[in-house]
Novice: 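This structure is in structure tokens; I'll ask about it shortly.
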Amino acid sequence: MLKRYVLFSTVIFLLFSCSKFLDTDPEPVTVSGIVTNSSGEPIEGAMVSILSPSPEETTTTDGDGVYEFSRIIEEAVSYSMEISKDGYDSRTEEFVADPSNGPDFPNVQLSETGSDNNNDDDSGNDDGDEVEGTTGGAASIILDNLSDSSINIAETGGNVNSTFTFVVQDSAGRALDGNGAVDVEFMITSGPGGNEAITPEVVRTGDGGTATASLFSGNIAGNVKIEAKVERTDIDLTIRSKPI
């Protein structure tokens with residue numbers, strides 16, 4: 001009887017020891033982004049500050065325009081971030097950091113101070129001429145149209161797909177023309193995992209810088225997040241839309 005009691009006590013001890021070992025604190029992850037100018041060139045020494053959530057942090061970009069933070073991100077969290085640099089207009093970014101999507105922080109373009117207000121006369125065409133200068137290429141991707149925000153599960157009847165259109169713009173907010181056409185890659189960043197899919201997954205921008213594809217539902221109900229991405233291999237820059 002004594003031997004059985006000792007053995008039982010040893011097993012209990014090991015179980016409690018394992019449970020304590022597995023109860024570890026979450027590890028911080030490195031999140032990063034790139035700060036560029038209106039021509040898509042990296043900006044060194046730009047100040048990037050996290051305003052919320054706490055703790056507030058500030059860092060500066062390196063020679064490649066890259067900034068990095070070490071943060072604990074266990075769930076989707078809304079962030080507010082300010083980016084500034086002498087000679088440029090400061091900018092505030094609001095975004096959601098989602099661990100299921102990286103979670104990398106956004107790439108940001110800063111405009112040179114006064115770049116949009118170099119002409120003070122009363123001719124409305126002067127500002128238009130300024131904007132019509134040579135484009136610096138793709139700088140942002142924005143959602144232009146979404147046919148349906150809710151669709152049915154596959155094979156249950158009703159509408160099972162939603163068409164969406166993104167517009168690729170340059171740093172001046174102009175839609176890319178045919179000469180600056182780029183490939184837009186669409187991806188599902190989170191979903192219920194019921195074989196939902198996007199078709200086609202890669203689209204070449206057409207007139208007005210638009211790229212259109214469709215989301216087809218799977219066999220499980222749930223929320224789906226979609227992201228559009230453009231790879232600027234010429235300047236080693238990845239441009240992402242906000243998840244929809």
Side-chain angles (χ1 to χ4, degrees), residues 29 31-34 40 73-80 93-109 135 137-244:
V29 296
V31 290
S32 63
I34 301 175
I73 303 177
E74 297 182 278
E75 58 185 2
V77 178
S78 297
Y79 273 80
S80 177
E93 285 285 320
E94 306 284 344
F95 61 96
V96 175
D98 190 337
S100 66
N101 189 29
D104 276 349
F105 276 28
N107 298 325
V108 180
Q109 282 199 332
T135 180
S140 62
I141 313 172
I142 61 173
L143 179 67
D144 182 62
N145 183 63
L146 178 66
S147 65
D148 295 282
S149 60
S150 179
I151 56 179
N152 295 332
I153 297 176
E155 301 180 358
T156 60
N159 185 26
V160 295
N161 73 289
S162 177
T163 300
F164 52 86
T165 299
F166 282 84
V167 176
V168 182
Q169 299 178 336
D170 65 11
S171 58
R174 300 171 296 185
L176 297 185
D177 57 23
N179 294 329
V182 294
D183 288 333
V184 180
E185 179 184 356
F186 299 112
M187 64 199 74
I188 296 174
T189 59
S190 66
N195 295 320
E196 58 275 3
I198 296 175
T199 302
E201 294 182 342
V202 179
V203 178
R204 190 76 170 175
T205 54
D207 294 339
T210 59
T212 300
S214 294
L215 169 70
F216 288 84
S217 63
N219 51 25
I220 300 177
N223 294 323
V224 178
K225 286 185 180 180
I226 296 172
E227 182 183 81
K229 181 178 73 172
V230 170
E231 294 285 356
R232 288 284 305 274
T233 56
D234 55 329
I235 56 174
D236 193 24
L237 176 66
T238 299
I239 303 168
R240 301 178 186 271
S241 70
K242 292 183 178 180
I244 63 167

Novice: Name the residue from V203, V224, I188 that meets the side chain to side chain contact (heavy atoms under 4.5 Å, CB included) definition with I198.
Specialist: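 So the option named by the test is I188.
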Novice: Side-chain donor-acceptor pair under 3.5 Å between S214 and T199, yes or no?
Specialist: no
Novice: I'd like to check the salt bridge (charged side-chain N to carboxylate O under 4.0 Å, His left out) partners of D234; sequence neighbours left out, ordered by chain and number.
Specialist: R232
Novice: Would you please name every residue forming a side chain to side chain contact (heavy atoms under 4.5 Å, CB included) with T210, sequence neighbours left out?
Specialist: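 Testing T210 for side chain to side chain contact (heavy atoms under 4.5 Å, CB included), a comparison that skips the adjacent residues, returns T165, V167.
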Novice: Looking at every heavy atom in both G208 and A175, which two are closest together, and how far apart are they?
Specialist: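 Closest approach of G208 to A175: O-CB, 3.0 Å.
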Novice: Look up atom CG in N161 and atom CG in N152, then write down how far apart they are to the nearest 0.5 Å.
Specialist: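 Those atoms lie 10.5 Å apart.
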Novice: Provide the full list of ring pair (Phe, Tyr, Trp, His ring centres under 6.0 Å) pairs with a residue in residues 194-233, sequence neighbours left out, each pair given once.
Specialist: none
Novice: Starting at NZ of K225, measure out to CE of M187 and round the result to the nearest 0.5 Å.
Specialist: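 Result: 14.5 Å between the selected atoms.
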Novice: Could I get the full list of salt bridge (charged side-chain N to carboxylate O under 4.0 Å, His left out) partners for D183, not counting sequence neighbours?
Specialist: R204
Novice: Mind checking side chain to side chain contact (heavy atoms under 4.5 Å, CB included) for E201 and listing every partner two or more places apart, or none if nothing turns up?
Specialist: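 Testing E201 for side chain to side chain contact (heavy atoms under 4.5 Å, CB included), a comparison that skips the adjacent residues, returns none.
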Novice: With sequence neighbours left out, which residue pairs that include part of residues 223-244 fulfil the ring pair (Phe, Tyr, Trp, His ring centres under 6.0 Å) condition?
Specialist: none
Novice: Taking side chain to side chain contact (heavy atoms under 4.5 Å, CB included) as the definition, give me every residue that meets it alongside A228, ordered by chain and number, with sequence neighbours left out.
Specialist: I141, F166, V184, F186, S241
Novice: Could you measure the distance from the CD1 atom of I220 to the CD1 atom of I153? Nearest 0.5 Å is fine.
Specialist: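 Nearest 0.5 Å value for the CD1-CD1 distance: 8.5 Å.
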Novice: Give the minimum heavy-atom separation between A213 and P200, together with the two atoms involved.
Specialist: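 Between these two residues, the closest heavy atoms are CB-O, 3.5 Å.
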Novice: If you measure from CD on Q169 to OG on S140, what distance do you get to the nearest 0.5 Å?
Specialist: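 One gets 4.5 Å once the value is rounded to the nearest 0.5 Å.
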Novice: Is the shortest heavy-atom distance from the side chain of D144 to the side chain of I142 under 4.5 Å?
Specialist: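 No, side chains not in contact.
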Novice: Is there a side-chain contact between N195 and N219, using heavy atoms and a 4.5 Å cut-off?
Specialist: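 Yes, close enough: below the 4.5 Å cut-off.
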Novice: For the residue pair A138 and V230, what are the closest heavy atoms and their distance?
Specialist: CB-CG1, 4.4 Å
Novice: Quick one: list whatever passes salt bridge (charged side-chain N to carboxylate O under 4.0 Å, His left out) with E231, sequence neighbours left out.
Specialist: K229
Novice: Taking all heavy atoms of F105 and all of I73, pick out the closest pair and write down the distance.
Specialist: CE1-CD1, 4.2 Å
Novice: For S162, enumerate each residue passing the side chain to side chain contact (heavy atoms under 4.5 Å, CB included) test, keeping only those at least two apart in sequence or located in another chain.
Specialist: L146, S147, D148, I151
Novice: Ignoring hydrogens, what is the shortest heavy-atom contact between A211 and T205? Give both atom names and the distance.
Specialist: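 In this case the closest contact between A211 and T205 is CB-CG2, 4.4 Å.
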Novice: Say you draw a straight line from CD1 of I34 to CG of L237; how long is it, rounded to the nearest 0.5 Å?
Specialist: 5.5 Å
Novice: Give the minimum heavy-atom separation between G194 and E196, together with the two atoms involved.
Specialist: N-OE1, 2.8 Å
